[in-house]
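Sequence lines set the chain letters: A, B, ... in the order given, protein chains first and strands last, and positions in each chain run from 1.
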Amino acid sequence: MPELPEVETVCRRLRPVVSGKTIQAVDVLDSKIIRGLDAEEWVHHLVGETIMDVERRGKFILFKLTNGYLVSHLRMEGKFFPYETFTEPVKHTHIVITFTDQSTLHYNDVRKFGTMELRTNETIHTTPPLSLLAYEPFDERVTGEALHQRLGRMKSRAIKTALLDQSIFVGLGNIYVDETLFRAGIHPIRKAASLSGEEVERVRVEAVAVLTEAIERGGSTIRSYTNPDGVTGTFQERLYVYGRAGEPCRRCGHEIEKMKLGGRGTHFCPNCQQR
DNA sequence: CGCACTGTTGTCAG
DNA sequence: CCTGACAACAGTGC
């Protein structure tokens, strides 16, 4: 379920629930989720570890362990369900972590795109996947000037495609990139290199604003099937373009359009976002 | 039934 | 290098 605001919301929810707990057992119901190690070795490393903290880097969740980190990415539909006692896993639950106090944490993922892998304290930030990420969007090193320079080298890419590239800008996914470009008044198919410094700064400011507001509202809950983990955001009520094709623009009343760009559904207002 | 679509990203070919 | 297409998977809706 995740872009940066949803992942941040999950981290905030899980942090008080799992911090300080020690792993007693791990059941791997589908090993496809695990990367890098055999399921057996992976489980062996985890058992006995205490979760010291839950952090976020981009769209990754970092479980800080006594030794190293468990790095988790939810991709399209990954979810964590914490339970106070033993609970029968629901459909599409692939990993069950049992703590020494008998509480559990279930990883559920309908499409099985999500991943979990182990990293040491030394290598976590210097090896993929985290080493491939740009700075956090709230980092002061992310300036309009730096972004403008980087985008200026992308001869043929559309601005939307460039912003979805996590090595260029971290945290935006298909919802928030469309919202960012609407707020900045930039058409999604504009060539990244064609944006002026002033336009790039506007994009940066709006991206940070959208991400911040979405975090405050607990993220967006789009395809709203019930989540037992209680993570249901309300930011979907504040969306200007995503999922609003055919509806009137909240700013000018023009009909919101939807097109295909780089294989992704792309929503925009043809009046507010001129080419 | 068939096909398009879905909050992601790693891989591969040109 | 850069870029776009596609795959990984399961479900929903038309």
Engineer: Which donor-acceptor pairs under 3.5 Å do the side chains of residues 255-265 of chain A make with protein atoms, sequence neighbours left out?
Structural biologist:
none

Engineer: Keeping to residues at least two apart or across chains, list the ring pair (Phe, Tyr, Trp, His ring centres under 6.0 Å) pairs with something in residues 244-275 of chain A.
Structural biologist: A/His187-A/Phe268, A/Tyr242-A/His267
Engineer: Does anyone know the first and last nucleotide of DNA chain C in reach of chain A, 5' to 3', at under 4.0 angstrom to a heavy atom?
Structural biologist: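 Contact span on the strand: C/dT3 to C/dG11.
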Engineer: Tell me, please, which residues at least two apart from A/Glu49 pass salt bridge (Lys or Arg N to Asp or Glu O under 4.0 Å).
Structural biologist: none
Engineer: Given pairs defined as Watson-Crick or G-U wobble with both distances under 3.5 Å, what dot-bracket annotation applies to DNA chain B, with ( ) intrastrand, [ ] crossing, | other strand and . unpaired?
Structural biologist: .|||||.|||||||
Engineer: For the P atoms, the ones on C/dC6 and on B/dC3, what distance do you get once it is rounded to whole angstrom?
Structural biologist: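 Per the computed distance, 16 Å lies between those P atoms.
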Engineer: Between A/Arg183 and A/Glu213, is there a salt bridge with N-O shorter than 4.0 Å?
Structural biologist: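 A/Arg183 and A/Glu213: salt-bridged.
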Engineer: What pairs with A/Glu198 under salt bridge (Lys or Arg N to Asp or Glu O under 4.0 Å), at least two apart in sequence or on another chain?
Structural biologist: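 Listed in chain order: A/Arg202.
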Engineer: Between C1' on B/dA4 and CE on A/Met259, what's the gap in Å once rounded to a whole number?
Structural biologist: 17 Å
Engineer: With rounding to the closest Å, how many angstrom separate the C1' atoms on B/dT8 and C/dC1?
Structural biologist: 24 Å
Engineer: Can you give each donor-acceptor pair under 3.5 Å made by side-chain atoms of residues 125-132 of chain A, sequence neighbours left out, with the distance rounded to 0.1 Å?
Structural biologist:
{"from": "A/Thr126", "atom 1": "OG1", "to": "A/Thr123", "atom 2": "O", "distance (Å)": "3.3"}
{"from": "A/Thr127", "atom 1": "OG1", "to": "A/Arg119", "atom 2": "NE", "distance (Å)": "3.0"}
{"from": "A/Thr127", "atom 1": "OG1", "to": "A/Thr123", "atom 2": "O", "distance (Å)": "2.8"}
{"from": "A/Ser131", "atom 1": "OG", "to": "A/Thr127", "atom 2": "O", "distance (Å)": "3.2"}

Engineer: Would you classify A/Tyr176 as touching base, sugar-phosphate or nothing, given that sugar-phosphate means primed atoms plus P, OP1 and OP2, and contacts are heavy atoms under 4.0 Å?
Structural biologist: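 No contact.
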Engineer: Would you please indicate yes or no on a ring centroid separation below 6.0 angstrom for A/Phe80 and A/His106?
Structural biologist: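 Not under 6.0 Å, so no.
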Engineer: Could you give the distance separating B/dC12 and C/dC9 at their P atoms, to the nearest angstrom?
Structural biologist: 16 Å
Engineer: Sort and list the pairs that fulfil ring pair (Phe, Tyr, Trp, His ring centres under 6.0 Å) and have at least one residue in residues 12-56 of chain A, not counting sequence neighbours.
Structural biologist: none
Engineer: Test of understanding: with salt bridge (Lys or Arg N to Asp or Glu O under 4.0 Å), list the residues that count as partners of A/Arg238, not counting sequence neighbours.
Structural biologist: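 With neighbours one apart ignored, the set is empty.
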Engineer: Taking ring pair (Phe, Tyr, Trp, His ring centres under 6.0 Å) as the cut-off, I'd like each qualifying pair that reaches into residues 190-222 of chain A, sequence neighbours left out, listed once.
Structural biologist: none
Engineer: Which residues pass the side-chain contact (heavy atoms from CB on, under 4.5 Å) test with A/Val110, sequence neighbours left out?
Structural biologist: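 Testing A/Val110 for side-chain contact (heavy atoms from CB on, under 4.5 Å), a comparison that skips the adjacent residues, returns A/Glu77, A/His92.
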Engineer: Answer with base, sugar-phosphate or nothing: what part of the nucleic acid does A/Gly265 contact at a heavy-atom distance below 4.0 Å?
Structural biologist: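 Sugar-phosphate: the residue A/Gly265, judged by heavy atoms under 4.0 Å, touches backbone atoms but no base.
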Engineer: Any chance you could list the contact pattern along nucleotides 8-14 of chain B? Use B for base contacts, S for sugar-phosphate-only contacts and - for none, protein heavy atoms under 4.0 Å, 5' to 3'.
Structural biologist: BBS----
